[in-house]
Amino acid sequence: MNGFEIKATTDVYCIIGHPISHSLSPIIHNTAFKQYGIDAVYVAFDVKPEVLGTAVNGIKTLGIKGMTVTIPHKERIIPYLDSMDKIAQEIEAVNTVKNEGNKLIGYNTDVWGFLEPLKPYLTRLKEGSAILVGAGGAGRAIAYSLRELKINKLFIANRTVDRGIQLVKYASKLGLEANFIGFDEHTLNEKAKSADLIINATPLGMHGVGGSIPINYEHINKNAIVYDIIPNPLETPLLKEARKAGAITISGVNMLVYQAVLAFKIWTGIYPDPKLLLDMVIKNLS
Ligand code: NAP
């Protein structure tokens, strides 16, 4: 099987989301199937929210072996699943599904995907402070991850105040010392000065979206780690500011690859080489 010889026995995996045409997940998983000689193919389906139930039933009917779930279905898919792992239950969001004997099991690999690139900095971040900008599904998975990192103080900023406060409540329930802060240049720059970790979990700065979260390099501590979970472009406007400040930068392409690595392991039992997949994605982005 070289990734192109699709036969009657070839297993099918997929991603569902809306929109989906810019997804990098097919590149990642098809590269891994090819590398490990697995007779399988991974395709993308554009599924609108109003037909999610029909699409998920189709997964079972057609015997699709596994799927990645992305915006806007990560929370909405839950009622259609047969069971979920502990992390997915606690976050109430699913990004990976395995079809096991026609039972759909939901997982959340975003947490591990977010944490793996931070592994070299665990000691530095323990009991530190973090700013999280964005309070959507990814923001929720990140708040959960920050508890695992033993972050001491978390400041959450979000355009829509109510949603930001909901995430503060969730983070507090997890045991984090969390506070809501304004989504404005003055507040964010002020907090950035002493933050050990700054995270963008909004689409601001993404290819095709543009803009940036309003944090300027003059206010970023050179010892800080700045993590933009947007995978494309590799260097977002926020990461550019961080580089100018001399801070450590982490591109969202790392999270994208690591969440896929764990999904692949759940589906096939094989832990694929993250470096191989990262190189392939970066090659496609550039
Ligand atoms: P989501 O649930 O739709 O939440 C989007 C978040 O971004 C909300 O906090 C929203 O604020 C904010 N936002 C959206 N447009 C904005 C704008 N124009 N100005 C200011 N804030 C804005 O999406 P999500 O699942 O959390 O994903 C967020 C981003 O993370 C996406 O860009 C996605 O591509 C990226 N992501 C990357 C990975 C990875 O593996 N690298 C994984 C997951 C997500 P409001 O509450 O005000 O709407």
Side-chain angles (χ1 to χ4, degrees), residues 15-29 49 68-78 87-88 91-96 107-118 131-145 155-171 180-185 187-188 199-215 226-239 249-264 274 277-278 281-282 285:
I15 179 167
I16 60 166
H18 178 72
I20 205 65
S21 59
H22 295 297
S23 173
L24 295 162
S25 295
I27 290 164
I28 299 175
H29 289 293
T68 308
V69 182
T70 188
I71 296 174
H73 304 313
K74 288 185 183 181
E75 288 145 38
R76 293 188 182 119
I77 196 166
I78 291 174
I87 298 181
I91 300 173
E92 295 172 18
V94 164
N95 77 324
T96 299
Y107 299 85
N108 190 304
T109 69
D110 280 335
V111 169
W112 192 78
F114 175 80
L115 285 172
E116 272 301 294
L118 288 171
I131 300 175
L132 169 59
V133 186
R140 207 174 161 85
I142 291 169
Y144 186 92
S145 310
F155 299 100
I156 296 174
N158 196 53
R159 177 181 61 179
T160 307
V161 174
D162 278 1
R163 207 171 177 197
I165 289 173
Q166 284 306 315
L167 188 58
V168 167
K169 285 186 184 155
Y170 174 73
F180 183 77
I181 57 168
F183 184 78
D184 61 87
E185 192 171 351
T187 312
L188 287 172
I199 306 148
N200 176 32
T202 77
L204 284 175
M206 187 159 79
H207 179 72
V209 174
S212 177
I213 63 166
I215 296 182
V226 181
Y227 195 158
D228 197 328
I229 71 163
I230 291 171
N232 184 11
L234 281 173
E235 188 175 66
T236 61
L238 174 67
L239 293 186
T249 59
I250 302 178
S251 156
V253 80
N254 296 283
M255 175 175 175
L256 179 76
V257 165
Y258 278 105
Q259 63 76 30
V261 161
L262 185 56
F264 195 86
L277 303 180
L278 197 57
V281 175
I282 290 172
L285 283 175

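Bear in mind that the values here come from a model prediction, so they are computed numbers and not experimental data. When a ligand or atom number is given, it counts from 1 through the structure's own listing order.
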Identity and separation of the nearest protein heavy atom to [atom]:
atom                    : answer
atom 19 (N) of ligand 1 : Leu204 CD1, 3.5 Å
atom 42 (C) of ligand 1 : Met255 CE, 3.7 Å
atom 41 (N) of ligand 1 : Ile229 O, 2.7 Å
atom 48 (O) of ligand 1 : Arg159 NH2, 2.9 Å
atom 26 (O) of ligand 1 : Ala138 N, 2.8 Å

Give the contacting part of [X] toward ligand 1: side chain, backbone, both or neither, where contact means a heavy-atom distance below 4.0 Å.
X      : value
Met206 : side chain
Asn158 : side chain
Ile71  : side chain

- Task: Kindly state each residue pair satisfying side-chain hydrogen bond (donor to acceptor under 3.5 Å, both in side chains) with at least one member in residues 15-28, sequence neighbours excluded.
- Result: His18-Asp46
- Query: Are side-chain heavy atoms of Tyr170 and Ile91 found at a separation under 4.5 Å?
  - Reply: yes
- Message: Just to be sure I'm reading this right: ignoring hydrogens, which of Ser25, Pro72, Ala201, Gly136 gets closest to atom 28 (C) of ligand 1? Compare them by their nearest heavy atoms.
- Response: Ala201
- Message: Just to be sure I'm reading this right: ignoring hydrogens, which of Pro203, Ala93, Ala135 gets closest to atom 15 (N) of ligand 1? Compare them by their nearest heavy atoms.
- Response: Pro203
Please identify which atoms of ligand 1 are closer than 4.0 Å to at least one heavy atom of [X].
X      : value
Phe183 : 20 (C)
Lys74  : 43 (C)
Gly252 : 41 (N)
Gly134 : 9 (O)

Could you tell me whether some N/O pair between [X] and ligand 1 is separated by less than 3.5 angstrom?
X      : answer
Gly137 : yes
Pro231 : no
Thr160 : yes
Arg163 : yes

- Report the residues that fulfil side-chain hydrogen bond (donor to acceptor under 3.5 Å, both in side chains) with Asn200, sequence neighbours left out, ordered by chain and then residue number. Thr202, Asp228
- Query: Do other residues, nucleotides or ligands put more than 12 heavy atoms under 6.0 Å from the CD atom of Glu235?
  - Reply: yes
- Between Asn108, Ile77, Asp110, Ile87, which is the residue that forms a side chain to side chain contact (heavy atoms under 4.5 Å, CB included) with Val94? Ile77
- Item | Residue from Leu132, Ile156, Asn158, Ile181 passing side chain to side chain contact (heavy atoms under 4.5 Å, CB included) with Val168 | Ile156
- Note on the structure: What one should report as the nearest heavy-atom pair of Phe183 and Leu204 is CZ-CD1, 3.8 Å
- Query: What's the verdict on side chain to side chain contact (heavy atoms under 4.5 Å, CB included) for Ile28 and Leu256, showing C-alpha distance, side-chain angles and the deciding distance?
  - Reply: CA-CA 9 Å; Ile28 299 175; Leu256 179 76; 4.0 Å; yes
- Message: Please verify the inter-ring angle class for Phe114 with Tyr227; under 30° counts as parallel, over 60° as perpendicular, anything in between as tilted.
- Response: parallel
